[in-house]
Structures are given as C-alpha cells and as structure tokens.
Peer 1: 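Got a structure here, written out as structure tokens. Questions coming.
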2 protein chains.
Amino acid sequence: MRKDITEAELDVMDVLWLESPIAASDIHLQQDSQKKWSIQTVKTLLSRLVEKGVVAYERDGKRFLYRPLIKRGDYTQSAATRLVDKLFDGRVAPLISQLAEGRGLSDDDLEDIERLLEGLKHEH
Amino acid sequence: MRKDITEAELDVMDVLWLESPIAASDIHLQQDSQKKWSIQTVKTLLSRLVEKGVVAYERDGKRFLYRPLIKRGDYTQSAATRLVDKLFDGRVAPLISQLAEGRGLSDDDLEDIERLLEGLKHEH
DNA sequence: ATATTCAGTCTACAATTGTAGTCAATGGGT
DNA sequence: ACCCATTGACTACAATTGTAGACTGAATAT
C-alpha cells in the first residue's frame, strides 16, 4: 500500500505541507534554493506522489492544484518509529543517548524534553 | 565517499555486528529467519559493502572471513542525526514527543530517559 | 586421480529513483 | 477567431537496489 516516499519526493512534500493547494510551477519556485530541479522533475515527482496516494489534485482552469493527503506529523511519526524499531530495538532511551553523544542537545531541547517527560509521567 | 548502506545491506551488517569475522555461508545461516536470501544474494551484498568501504575481509583457506569496518553505534548515531535534522529541524524534543504519541514509551524507557536526562543536565 | 562440492567472481535483470526531454492540448491575450 | 505560452501526459535513461544464476577454480571424498 504505502509505497515509501523517497528523498526527492519528500522535498516536494515539504513544500506542500507549507502551502497548499499549490500549482506545480509554484512548487518549482518555492523550491529550497540549493535544490534546483527543472519544472519537469517537479511534475514527475508530483505524479509519483499521486500514484502513491499521498497527494491529490484538483483542476483549476488549465492547471492542477496539488494538496497533501497525509499530515506531516503522521509521516514523521511513522518514519521515527521505523527508525527506532530498526536501529534501537524500539527503545527510545538509547536513541536519545546517541543523539546527545553526537552533536549534543541544546539547552532548549533539554528543557523541552524535561517538560515532556513530566507530562508523560503524569499520564502514568 | 560514504555511499549509504541500504536496507538489505543493513541486515547483513547486523549479522556482522553480532559475530565477526564470519564467512558468507555462516551469515547466510545466521540470517534472521523471515528473510531467506539465497547465498548468492548474501555474497552480492557483501561485495557491495566491501566496495562501499564498510566491510573488510581476510582469507581463511579457501574462503573469506568478513568483518565490519564501522561500529554499529557510529552508524546508528549518524542515521539518527540525519533523521532528526531532516524531519525535526535538529530538535530532539519533538522527535521524542512523536514517538510517545505513537506507540508510547514503556515504563522502562521512561525511567532510562529520566536517568539519562539527569546525567546530561549535570554536564550542564 | 577424479568427481563432486563449495567459495568467490562476473553477469543479469527487473523495479525504483533521480532527473529531465518531447509532445499535444488548451486557456488567455489580442 | 487565432497564436502562443504554459500545462499535464508520455517517454527516456542512467544509477541504485534487490535478487540471483552461471562460471571457474580449488578442496574433499572416494
């Protein structure tokens, strides 16, 4: 069913999640400056996303307006869950520990996590 | 340089991380039961890993023994960091929050995270 | 010594992915 | 009413990935 969204497709989704419905040409303009795909490439990625059932479109005169069918949060949640399952045997603590070891956590991040933990503990 | 390790290749790496040096045929046997590749497939994946510079081999009589050149922790760390950068703008708190929202965190996990946080705070 | 077996190397091949060109239709401007 | 620019559809094509067969040389068993 849910064929995976690829890297390039994800960049398109990121634009759609920011602004939609939106035309292919506008996605092309909106495109994160460093990646400079041709408009054709954007269109190909859009059709593939439509095939995969994660984007819908509606006619607007001669062109189409595209719109994401899945929420960003749903995607990130499932991607994060897959990663933690695959690499950390479903345990979140080791994941955090590795992230901290790497670049480290910012103070803001630490605070947020603490608050978050408080909340989670109260749900006991 | 570091061409990415693919899903299938990662399964082979997981065997190597458990036991190495090890021969191709033994990797084949060790293989997580549900995935039942042919021995040829295992060999192909091994050569690709060698090409990618993440696995080395040494002769042992007629066969070769393979050995990972990167540590599992290094791989998971960089994978986790890439994910958090790509999907959560480098913030760890939202990642944890999403993971909690999904399947939820086990009590064990919660405790571990708390202890971890204590430690991190002390490094201030 | 010889036939069988097992190891590694080479080759294959379809599906997916990244990246885009060509073409035909159609809507908008004059 | 007509031409042109823009759009979507179709096609292309190389690289990567998953999956494995064929071939060759060497070790083993008889």
Side-chain angles (χ1 to χ4, degrees), chain A residues 1-16 19-68 75 79 82 86, chain B residues 1-16 19-68 75 79 82 86:
Chain A
M1 208 113 320
R2 154 72 73 283
K3 302 262 11 178
D4 266 341
I5 295 176
T6 69
E7 286 282 308
E9 286 162 3
L10 190 58
D11 286 335
V12 171
M13 289 304 284
D14 268 330
V15 177
L16 290 172
E19 181 185 342
S20 82
I22 184 176
S25 55
D26 291 332
I27 292 176
H28 184 221
L29 297 179
Q30 213 86 357
Q31 200 66 57
D32 222 355
S33 28
Q34 49 271 61
K35 331 233 165 192
K36 32 166 204 261
W37 297 315
S38 90
I39 176 66
Q40 294 308 331
T41 300
V42 173
K43 287 183 195 171
T44 300
L45 293 172
L46 278 170
S47 355
R48 288 181 184 165
L49 287 166
V50 168
E51 272 172 31
K52 290 181 183 180
V54 293
V55 163
Y57 56 87
E58 69 205 53
R59 257 233 144 66
D60 170 45
K62 72 186 292 190
R63 51 192 204 154
F64 285 149
L65 297 182
Y66 296 85
R67 173 171 52 83
Y75 175 77
R82 270 198 309 274
K86 182 136 200 101
Chain B
M1 214 111 321
R2 153 72 75 284
K3 301 264 10 179
D4 267 341
I5 296 175
T6 69
E7 286 282 307
E9 286 163 3
L10 189 58
D11 286 336
V12 171
M13 290 302 284
D14 267 331
V15 177
L16 289 172
E19 180 184 343
S20 82
I22 183 176
S25 55
D26 291 331
I27 293 177
H28 184 223
L29 297 179
Q30 214 86 356
Q31 201 65 57
D32 223 356
S33 28
Q34 49 270 62
K35 330 234 168 191
K36 33 165 205 263
W37 298 315
S38 89
I39 176 66
Q40 291 308 330
T41 301
V42 173
K43 288 183 194 171
T44 301
L45 293 172
L46 278 170
S47 354
R48 289 184 184 163
L49 287 165
V50 168
E51 272 173 31
K52 290 181 182 179
V54 294
V55 163
Y57 57 86
E58 70 205 52
R59 257 230 145 69
D60 170 46
K62 73 186 290 190
R63 50 193 206 154
F64 285 151
L65 297 182
Y66 297 85
R67 172 170 53 83
Y75 175 77
R82 270 198 310 272
K86 181 136 202 101

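Here is the naming used below: chain letters follow the sequence lines, and residue numbers restart at 1 for every chain.
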Peer 1: Please state whether the phosphate of D:dG18, meaning OP1 or OP2, lies under 4.0 angstrom from any side-chain nitrogen or oxygen of B:Thr44.
Peer 2: no
Peer 1: Would you please confirm or rule out a distance under 4.0 Å between OP1 or OP2 of C:dA7 and any side-chain N or O of B:Ser25?
Peer 2: yes
Peer 1: Within this structure, what is the CG-to-P distance between A:Leu49 and C:dT19, rounded to whole angstrom?
Peer 2: 14 Å
Peer 1: Under a 4.0 Å threshold between the charged nitrogen and the carboxylate oxygen, would B:Asp11 count as salt-bridged to A:Lys86?
Peer 2: yes
Peer 1: Tell me if the side-chain of B:Gln40 makes a donor-acceptor pair with the base of D:dA22, cut-off 3.5 Å, by modelled atom types.
Peer 2: yes
Peer 1: Of all the nucleotides listed (D:dG8, C:dG8, C:dA20), which has the minimum atom distance to the side chain of A:Tyr66?
Peer 2: D:dG8
Peer 1: Would you kindly give the CZ-to-P distance between B:Arg59 and D:dA27, to the nearest whole Å?
Peer 2: 9 Å
Peer 1: Can you find an N or O donor on one side and an acceptor on the other, under 3.5 Å apart, linking the side chain of A:Lys62 with the base of D:dT7?
Peer 2: no
Peer 1: State whether the distance check finds a donor on one side and an acceptor on the other, under 3.5 Å, for side chain B:Arg48 versus base D:dT19.
Peer 2: yes
Peer 1: If only side-chain N and O atoms of A:Lys52 are considered, is one of them under 4.0 Å from the OP1 or OP2 phosphate oxygen of C:dT17?
Peer 2: yes
Peer 1: Go nucleotide by nucleotide along DNA chain C from the 5' end; which of A:Ala8 and A:Arg63 gets its closest nucleotide reached first?
Peer 2: A:Ala8
Peer 1: Rounded off to whole Å, could you give me the CD1-to-C1' distance for the A:Ile22 and D:dG8 pair?
Peer 2: 17 Å
Peer 1: Whole Å only: how far is the CG atom of B:Leu29 from the P atom of C:dC6?
Peer 2: 12 Å
Peer 1: State whether A:Thr41 places a side-chain N or O below 4.0 Å from either non-bridging phosphate oxygen (OP1 or OP2) of C:dA20.
Peer 2: yes
Peer 1: Nearest-Å distance, CG (A:Leu46) to C1' (C:dG18)?
Peer 2: 14 Å
Peer 1: What's the CD1-P distance between A:Ile39 and C:dG21, to the nearest Å?
Peer 2: 12 Å
Peer 1: How is A:Thr6 classified with respect to the nucleic acid when contacts are heavy atoms under 4.0 Å: base, sugar-phosphate, or nothing?
Peer 2: sugar-phosphate
Peer 1: Given atom CD1 of B:Ile27 and atom C1' of D:dT19, what is their separation to the nearest angstrom?
Peer 2: 17 Å
Peer 1: If every non-hydrogen atom of B:Ser25 is compared with every non-hydrogen atom of B:Ile39, which pair is closest and at what distance?
Peer 2: CA-CD1, 3.7 Å
Peer 1: Between B:Leu65 (CG) and C:dA7 (C1'), how many Å, whole number?
Peer 2: 12 Å
Peer 1: Counting N and O atoms only, with roles assigned by atom type, does the side chain of B:His28 sit under 3.5 Å from a partner on the main chain of B:Val42, one being a donor and the other an acceptor?
Peer 2: no
Peer 1: Spell out, as yes or no, whether a donor-acceptor pair under 3.5 Å connects the side chain of A:Ser38 to the backbone of A:Gln40.
Peer 2: yes
Peer 1: Salt-bridge test for B:Glu9 and B:Arg48: reply yes if a basic N is under 4.0 Å from a carboxylate O, no otherwise.
Peer 2: no
